[in-house]
**Q** 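A single structure is presented below for examination.
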Protein chains: 2
Amino acid sequence: MKTADPELMRAMNRLSVLDTIRRRGPISRVEISERTELSTTTVSAITGSLLDDGLILTRHEGDIRNEAVRGRPRVMLEVNPDAARVVGAKIAASRMVFVVTNFRGDVLSQLTLPIRIDRQPIAVIADLVEDGVRRCVVDAGLSLEDVDSVCLGLPGVIEHRTGHIRSSPIFREINIDFASEMSTRLSTPTIVESDAHAITLGHHWFGKARDLQDMVLISLEQTLGLGVLHGNRLFRGAGGLSHNLGDLVLGTGPQGIVRLSSQAGESAILGEQQADGRFAEAVRLGRGMTHVQALIQADDDRLIGAAVRAGEAVGLTIANIVTLFAPPRVILVGSSLALGEPFLNSLRDAYALAIPPSLKGVSELVFDDSTDDFWAQGAAAVALYELYESPWSTTGPAL
Amino acid sequence: MKTADPELMRAMNRLSVLDTIRRRGPISRVEISERTELSTTTVSAITGSLLDDGLILTRHEGDIRNEAVRGRPRVMLEVNPDAARVVGAKIAASRMVFVVTNFRGDVLSQLTLPIRIDRQPIAVIADLVEDGVRRCVVDAGLSLEDVDSVCLGLPGVIEHRTGHIRSSPIFREINIDFASEMSTRLSTPTIVESDAHAITLGHHWFGKARDLQDMVLISLEQTLGLGVLHGNRLFRGAGGLSHNLGDLVLGTGPQGIVRLSSQAGESAILGEQQADGRFAEAVRLGRGMTHVQALIQADDDRLIGAAVRAGEAVGLTIANIVTLFAPPRVILVGSSLALGEPFLNSLRDAYALAIPPSLKGVSELVFDDSTDDFWAQGAAAVALYELYESPWSTTGPAL
DNA sequence: GCTATTTAATACGAGGTGCAAATTAAATTC
DNA sequence: GAATTTAATTTGCACCTCGTATTAAATAGC
């Protein structure tokens, strides 16, 4: 068990203060003191040390309750954007998106590589990822030495703690130590994380869950992922495993087990149409879903049927997730949302039908159609989170 | 956010030490120091304060590595059994079981009331519970003043934090503030908890999960409950809600949503047979399942069919739970286990079929046929846990 | 333009906490 | 009975947070 010593205490309060500054934009010391319930003395000491370490900056304008207020004006504090830089990436089967962000999470540069890497050998994928990171860093006018860490978000079952990829649709192999592979290639600390977890943290930092401590996110892409935020922290399964929703069983059909992925995965929906080859190119370019929507609007009955079935399956699954976690909000993201109304309506209907009466109204469904940039930014947030959490310069004793 | 001050620090380490003493039986200070990674100085200080508060005792025998070992012998420390007494209860539809335990969790007295309280008015149930608690306390040779707290474990959706019963099969009403009702009746702090959570903690303290930090328990009784242990703590949903597995959706059938409870609940299995009235009395006595097993052994085809279907449904559900939580062990408890081999075999088969290949082998299934006493003891453990966790006498500054 | 007032932020001392080193305690070995 | 070995406590120190007193920096009033 983790032993509690003064150092831990300091680290906890430091994180608490730094996190408050990050979240509440420019904020004065008094307000920090109120929010964190730390004494002003302690807040002063901690912010002093954060200023020394260059993690935050002072700003003398911006006190909102200014004008006609007496007394010494508050000095506003904010995160120093230039305190660190990280790279976040979303690695998907048909494209890779990289962003470089500063310490505040602002995007400094963005790079999309619309390359199909599906089922390539590890070395090839690693080459492409390495290349993408390097180019994106250069685009930001930086060099890799300026980057503090890298976080790669990718689909599948990822073991965050060890950086192993247990299984992923973009790799033929299983159980790959991708984190150390990329760490040595880039000679920069590299984190591997589930893309769903990445965008979950992204929403908590920048998106539709900034106001919440608990939340569930469901990602509907090539694979179906789950992110659970519990008490302001990512809830990872025992052993730090990410979840793979597609493996969930919906029931048994005539030909055995029916998994969610067979009903609602990207390939399940598109696959039925593959025969006539209309989607080959679209899918290759990562625009499968966009294309689908165009077809749906043209009233392609078969596609509508697939979308409706997928929506039902997802709706039931969400109801089950809500039954287990009772989150105040469920955020849905991913390319499958582009299926449009037939999908969304059947999803909503199935959810409404399946949610147990006693839980009716505890969760709201929110749909988010952010672009891939946001996923990559979420990965950057994962990298930043670990920086924020780390004791940093370990300035040691406040001197 | 919880602010970290010296007091919290002390509380954390105190709990860590006390928990180590509880778990590792009689144990010396040096060993505590090794296990908790606290310095011997700190361990001495904390154990000193625990001794002052009468929560632990010294024992001078029992050093295993004795004989032929030089040096001053270690003084063994153990929890003081008489430091507190609690009452734990399992309240089910057809019976109530009470136990009084000491601070170590040893059962001092036990009382079973085989009364059907199903659908009685609150006041009647509260009367019966109060009576049961009082009689069990008297049986232990104690008076209610000697009891530090009471924990009632009952089925349904319980909001532990507020002590409200959101919904329960044994109450007609919903949203009952049962904790304060019973607290005032007994004039003793009373906790209300889901029976599944109670036996989950029971297994962590006394049963089949003593060695684990993470674990999932599934209770198969009148209702289907879930307990998740995560990092040595009970994982309660956002808002401290307990889970109701029966509300999970298995899929859609011809007549709409199919919930787990309609396949695997006690009444779902027995219900089909209700028509011929053979079970009326057995169920009333709470021996429905025992009776069923006798019939199954007599090859009642209809019952076997129901048991097999229930086993399948539960097996699939467990696979889904494992997909989400990836626990190293899943413990199954509850009266439905008495359905015997037809049920268990189909459960195992369905689980094996449904568990995703990437998670094969991460979880072991364990069946536990503990009696109701153990459930009540688990409820006692919940009560004890809160005592252990509380700062206690707040001896205040170690003087 | 000066002083009084008000609010923000910082010093200072007290009390609590854990740790390393030194000391005391209690056994075995020779 | 002295030396040795191991356990547990005492001592001294560095650190943390907090309450109170003090300093800093603005406005309000005359």
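Naming convention: chains lettered A, B, ... in sequence-line order (proteins, then strands); numbering from 1 in each chain.
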**Q** Over how many whole Å does the gap from Arg14(B) atom CZ to dG18(C) atom C1' extend?
**A**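 Roughly 16 Å, once rounded to whole Å.
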**Q** Calculate the interatomic distance between Ile56(A) atom CD1 and dA9(C) atom P; express it in whole Å.
**A**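 Roughly 12 Å, once rounded to whole Å.
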**Q** Of the nucleotides dC16(D), dG19(D), dA8(D), which one has an atom closest to the side chain of Pro6(A)?
**A**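 The nucleotide sitting nearest to the side chain is dC16(D).
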**Q** Establish, from distance only, whether the side-chain atoms of Arg10(A) and Ser49(A) form a donor-acceptor pair under 3.5 Å.
**A**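 No donor-acceptor contact under 3.5 Å links the two side chains.
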**Q** For the side chain of Asp5(A), counting heavy atoms from C-beta on, which of dG18(C), dA25(D), dC16(D) is nearest?
**A**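 Comparing dG18(C), dA25(D), dC16(D) against the side chain of Asp5(A), the answer is dG18(C).
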**Q** Could you tell me how the ring of Tyr388(A) sits relative to the ring of Phe103(A): parallel (under 30°), tilted (30 to 60°) or perpendicular (over 60°)?
**A**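 Ring orientation of Tyr388(A) relative to Phe103(A): parallel.
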**Q** How many whole angstroms separate atom CD1 of Ile46(B) from atom P of dT9(D)?
**A**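 Atom-to-atom, Ile46(B) to dT9(D), this comes out as 13 Å.
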**Q** Is Asn13(A) close enough to dC16(D) that one of its side-chain N or O atoms is under 4.0 Å from OP1 or OP2 there?
**A**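 So the side-chain polar atoms of Asn13(A) never come under 4.0 Å of the phosphate oxygens OP1 or OP2 of dC16(D).
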**Q** OP1 or OP2 of dA24(D) versus the side-chain N and O atoms of Arg72(A): is any pair under 4.0 Å?
**A**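 Result: no.
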**Q** Between dA8(D), dC18(D), dG18(C), spot the one nearest the side chain of Ser44(B), thanks.
**A**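 Ranking dA8(D), dC18(D), dG18(C) by closest atom to the Ser44(B) side chain puts dA8(D) first.
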**Q** With nearest nucleotide decided by heavy atoms, which residue, Thr41(B) or Gly71(A), maps closer to the 5′ end of DNA chain D?
**A**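 First, find each residue's nearest nucleotide; the 5'-ward one identifies Thr41(B).
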**Q** From the list dT17(C), dC16(D), dA8(C), which nucleotide is the closest neighbour of the side chain of Met9(A)?
**A**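 The listed nucleotide nearest to Met9(A)'s side chain is dC16(D).
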**Q** As a test of reading the structure: which of dC16(D), dA9(C), dA8(D) is closest to the side chain of Arg74(A), going by heavy atoms?
**A**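 Nucleotide nearest to Arg74(A)'s side chain: dA9(C).
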**Q** Roughly, in whole Å, what's the span from CD1 in Ile32(B) to C1' in dA7(D)?
**A**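 After rounding, the reported distance stands at 13 Å.
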**Q** By nearest atom, which of the nucleotides dA26(D), dC16(D), dA27(C) is closest to the Pro73(B) side chain?
**A**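 Closest of the options to the side chain of Pro73(B): dA27(C).
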**Q** Is there a side-chain contact between Val75(A) and His60(A) (heavy atoms, below 4.5 Å)?
**A**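 Sidechains of His60(A) and Val75(A): in contact.
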**Q** Tell me the interatomic distance from Glu7(B), atom CD, to dA14(C), atom P, rounded to whole angstroms.
**A**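 From Glu7(B) CD to dA14(C) P: 21 Å.
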**Q** Is there side-chain contact between Leu18(B) and Ile56(B), with at least one heavy-atom pair below 4.5 Å?
**A**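 They are in contact (side-chain heavy atoms under 4.5 Å apart), so the answer is yes.
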**Q** As a quick check of understanding, evaluate side-chain contact (heavy atoms from CB on, under 4.5 Å) for Asn102(A) and Leu108(A), giving each step before the final call.
**A** CA-CA 7 Å; Asn102(A) 59 23; Leu108(A) 302 181; 4.1 Å; yes
**Q** Mark yes or no for a side-chain to base donor-acceptor pair under 3.5 Å between Arg70(A) and dT5(C), with no hydrogen or angle criteria applied.
**A**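 Side chain to base: pair found, below 3.5 Å.
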**Q** Mind calculating the distance between CD (Glu31(A)) and P (dA8(C)) to the nearest angstrom?
**A**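 Distance check: Glu31(A) CD to dA8(C) P gives 10 Å.
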**Q** Round to the nearest Å and state the distance from His60(B) atom NE2 to dT6(D) atom C1'.
**A**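 To the nearest whole Å, that distance equals 16 Å.
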**Q** What is the separation between atom CD on Glu34(A) and atom P on dA9(C), rounded to the nearest whole Å?
**A**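 Going from Glu34(A) (CD) to dA9(C) (P), I get 11 Å.
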**Q** Which nucleotide in the set dA8(C), dT10(C), dT27(D) lies at the smallest distance from any side-chain heavy atom of Arg29(A)?
**A**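 Nearest listed nucleotide: dT10(C).
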**Q** Can you see if the side chain of Thr42(A) gets near the phosphate of dC18(D) - specifically, an N or O under 4.0 Å from OP1 or OP2?
**A**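 Checking dC18(D) against Thr42(A), a side-chain N or O does come within under 4.0 Å of OP1 or OP2.
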